[in-house]
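In listed order, ligands and their atoms are each counted from 1.
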Amino acid sequence: MRATIWNSLPLFLQLLLQFTVLSLSKPPPLPLPPPLPVLPVPTASQLKWQRREIIMFYHFGVNTFTNSEWGTGHESPLIFNPTALNTSQWITAATAAGVSLVILTAKHHDGFCLWPSRYTHHSVAHSPWMDGNGDVVRDFVTAASSSGTDVGLYLSPWDRHDRTYGHDVAYNEHYLGQLYELLTNYGKISEIWFDGAKGANATNMTYNFQDWFGMTKQLQGSINIFSDAGPDLRWVGDETGAAGETSWSLINRTRLRIGDASLESYLIAGDPRGADWVPPECDVSIRPGWFWHEDEKPKPLNQLLDIYYKSVGRNCVLLLNVPPNKTGLVSDGDIQRLREFRLAIDTIFNHDIAGGSVVKASSERGGKWGAFTANNVADGEAGTYWTPAKEEKKGGFWIELRGLNPRSKFNVVRIEEAIWMGQRIRRHRVYVDGHVVVRNGTTVGHKRLYRLRRPVAARRVRIRILKSRGPPLLSALGLHFDPYG
Ligand SMILES: *[C@@H]1O[C@H](CO)[C@@H](O)[C@H](O)[C@H]1NC(C)=O
Ligand SMILES: *[C@@H]1O[C@H](CO)[C@@H](O)[C@H](O)[C@H]1NC(C)=O
Ligand SMILES: *[C@@H]1O[C@H](CO)[C@@H](O)[C@H](O)[C@H]1NC(C)=O
Ligand SMILES: *[C@@H]1O[C@H](CO)[C@@H](O)[C@H](O)[C@H]1NC(C)=O
Ligand SMILES: *[C@@H]1O[C@H](CO)[C@@H](O)[C@H](O)[C@H]1NC(C)=O
Ligand SMILES: *[C@@H]1O[C@H](CO)[C@@H](O)[C@H](O)[C@H]1NC(C)=O
């Protein structure tokens, strides 16, 4: 019956109907996939570390009791006697600052071990603390894990106590023995900290870093190894907590040597042509010293905020040291300062004036229905990003926040790259209502923060990207008001 009706239709009508049905059932165009990464890219562990932004260091040991920064190695273990050591209270300090990774000096240059190492008598096992039955590393790891905080350890290569120090084979064996204890008896270790410090006495002492790194990775597959030369995280080149204005996560590892001071400027800036992803970590103490001293006080809030802008705001992770005192507790004043620090960061960054604003760009990969639109920088999602359609000819790429509320003042500009696809931006400029506020911006990386001289209100904020390794990928562009300045 239906066939008869169909056949009775004129041929042109049959064709027209067929064409209409076909074009209506045509599947929608497929979305464009993400562009290619620009190598090198971070590992999963490096990316996780970078997103922590602030991590914490605890310097604790015989120096805490001798009021010194560098012990001699000749201290009696009997001086180590904290009367109310409570590592859970230390972790309270970390959570007050919103920190998810804490690192302990398991052994400092004095060689005194905070765990009962079987390879030395210079340890808690020979101290009066808990009648020699204590283990600070164990307590620390237990307290951290019960609050969901990850753990890292520092095992000083320089050891001013051990008699094998200065004898290459014997000391490297000793060191590996201790490293093995730390990496096998305490569960998951997320970061291990190595430095190149050596006794003036023992410049001949060779640290077999490759042996140490190899064993570390074998025992802790997802660990990040920190040293002057990586392999996973590098020292930023100073102990003031400040990264350089130019701050690449890329560097050539083959050029680095642990403990070589002539490399400082290379360490600070990194290398846009670097073949390896080794991001910088900024270590600084909340107090003047690394160890606790009765007469020292924590840095004022505005100094901590300045450090935050110069570290986290320059593509770094801030490793902030908070030294427990002689009682075995973090001093109340330090915890109070950490709370103020966290509150200040949240006050500044929890409110984004750019959130939900209209965003335009020089072009968008996949067009305005694609997955890489300009709006992605203001959607509050860390995983989405804007990327342009193709290489622009003149003036480079740009992206602009429009229709901002001219009554909402801001004095901080935040730019973030989708670094999991490679760090790309080499040169950029920031405009507020057409006026340049940042003329010679270089790198962006995970996070770039600019503090403006005074609060401004504007309708438009534009970022121009003048030079980039491949097309830029911006995951966020935020505007904030910092009332602490
Ligand atoms: C240790 O510190 C935690 C956190 O501040 C506290 O809840 C706990 O009561 C303390 N333990 C002792 C034995 O004082
Ligand atoms: C140098 O080494 C010797 C012997 O190893 C040691 O007794 C002395 O204390 C060391 N000096 C310093 C300054 O470390
Ligand atoms: C260091 O090495 C030099 C040259 O190899 C040697 O003469 C010197 O005795 C060594 N010093 C020590 C403390 O081993
Ligand atoms: C780093 O390595 C790359 C690739 O081998 C090279 O092009 C670049 O010049 C190196 N950088 C330095 C500072 O040597
Ligand atoms: C260590 O800090 C705790 C907590 O603030 C405090 O009660 C204690 O007196 C401090 N100990 C010293 C020696 O300052
Ligand atoms: C920015 O770069 C220009 C040249 O491009 C230079 O004249 C100027 O001094 C630089 N400004 C700053 C603040 O570095």
Side-chain angles (χ1 to χ4, degrees), residues 38-41 56 58-68 79-99 102 104 128-130 133-136 138-149 228-231 234 237 244 246-257 260 262-280 285-289 291-298 321-340 342 422-424 426 442-443 467 469-470:
V38 176
L39 298 179
V41 295
M56 204 170 273
Y58 297 89
H59 275 62
F60 187 63
V62 284
N63 294 345
T64 312
F65 300 85
T66 58
N67 196 28
S68 55
I79 63 169
F80 184 84
N81 194 15
T83 46
L85 186 140
N86 181 350
T87 51
S88 298
Q89 190 262 5
W90 302 8
I91 303 300
T92 312
T95 35
V99 158
V102 289
L104 173 66
W129 177 62
M130 294 188 73
N133 295 312
D135 181 342
V136 183
R138 169 84 52 218
D139 287 3
F140 182 73
V141 165
T142 307
S145 80
S146 69
S147 84
T149 307
D228 289 6
R234 74 178 197 261
T246 297
S247 181
W248 289 98
S249 292
L250 284 54
I251 205 158
N252 286 337
R253 224 149 62 191
T254 51
R255 277 204 57 189
L256 301 178
R257 276 176 315 278
D260 183 343
S262 71
L263 288 167
E264 264 173 38
S265 60
Y266 190 61
L267 279 173
I268 291 175
D271 184 350
R273 279 186 282 275
D276 306 295
W277 187 276
V278 191
S285 184
I286 194 169
R287 286 159 170 249
F291 285 89
W292 178 81
H293 305 288
E294 187 141 34
D295 56 351
E296 290 184 354
K297 286 193 166 45
N321 177 64
V322 180
N325 66 26
K326 223 151 119 169
T327 311
L329 296 168
V330 174
S331 303
D332 282 336
D334 298 53
I335 294 188
Q336 185 53 32
R337 188 54 37 79
L338 290 166
R339 281 193 215 290
E340 290 166 17
R342 185 74 249 168
Q423 190 184 349
R424 302 171 181 223
R426 302 180 70 146
T442 55
T443 51
K467 204 166 169 206
R469 302 167 63 245

### Summary
Exactly one of H293, E294, K326 clears side chain to side chain donor-acceptor pair (under 3.5 Å) with N67, and that residue is H293

### Message
Among residues at least two apart in sequence or on other chains, which ones pass ring-ring contact (aromatic ring centres under 6.0 Å, His included) with Y266?
### Response
none

### Query
Can you find a pair of side-chain heavy atoms, one from Q89 and one from I335, that are under 4.5 Å apart?
yes

### Message
Closer than 4.0 Å and a protein heavy atom, does any atom meet both conditions relative to atom 9 (O) of ligand 1?
### Response
no

#### Entry: Side chain proximity check, D260 to D228, heavy atoms < 4.5 angstrom
no

### Query
Which protein non-hydrogen atom lies closest to atom 13 (C) of ligand 5, naming both residue and atom, and how far is it?
T327 OG1, 3.4 Å

### Query
Which ligand 4 atoms are under 4.0 Å away from a heavy-atom of D271?
1 (C), 10 (C), 11 (N), 12 (C), 13 (C)

### Message
Taking 4.0 angstrom as the limit and counting only heavy atoms of V330, give me the atoms of ligand 5 inside it, by number and element.
### Response
2 (O), 4 (C), 5 (O)

### Task
May I ask whether I335 has any heavy atom positioned less than 4.0 angstrom from an atom of ligand 5?
no

### Summary
Near R273 (heavy-atom distance under 4.0 Å), the atoms of ligand 4 are 1 (C), 2 (O), 3 (C), 7 (O), 8 (C), 9 (O)

### Ring centroid separation F291 to F65 under 6.0 Å
no

### Task
With atom 2 (O) of ligand 5 as the reference point, say which of L329, N325, N86, T64 has the nearest heavy atom.
N325

### Summary
One should read off an interatomic distance between T87 OG1 and Y58 OH, to the nearest 0.5 angstrom, of 9.5 Å

### Query
Of all the atoms in ligand 4, which lie at a distance below 4.0 Å from a heavy atom belonging to N252?
1 (C), 2 (O), 3 (C), 8 (C), 10 (C), 11 (N), 12 (C), 14 (O)

### Query
Rounded to the nearest 0.5 Å, what separation is found between the OG1 atom of T83 and the CG atom of L329?
7.5 Å

### Task
Taking only heavy atoms of Y266 into account, list the atoms of ligand 4 that are under 4.0 Å away from them.
13 (C)

### Task
Would you mind checking which non-hydrogen protein atom is closest to atom 5 (O) of ligand 1, with the distance to 0.1 Å?
T92 OG1, 3.6 Å

### Taking every non-hydrogen atom, the tightest pair across R342 and G98
CD-N, 3.6 Å

### Query
Do any nitrogen or oxygen atoms of D332 lie less than 3.5 angstrom from nitrogen or oxygen atoms of ligand 5?
yes

### Task
Note the single closest protein heavy atom to atom 14 (O) of ligand 4, along with its residue, its atom name and the distance in Å.
R255 CD, 3.4 Å

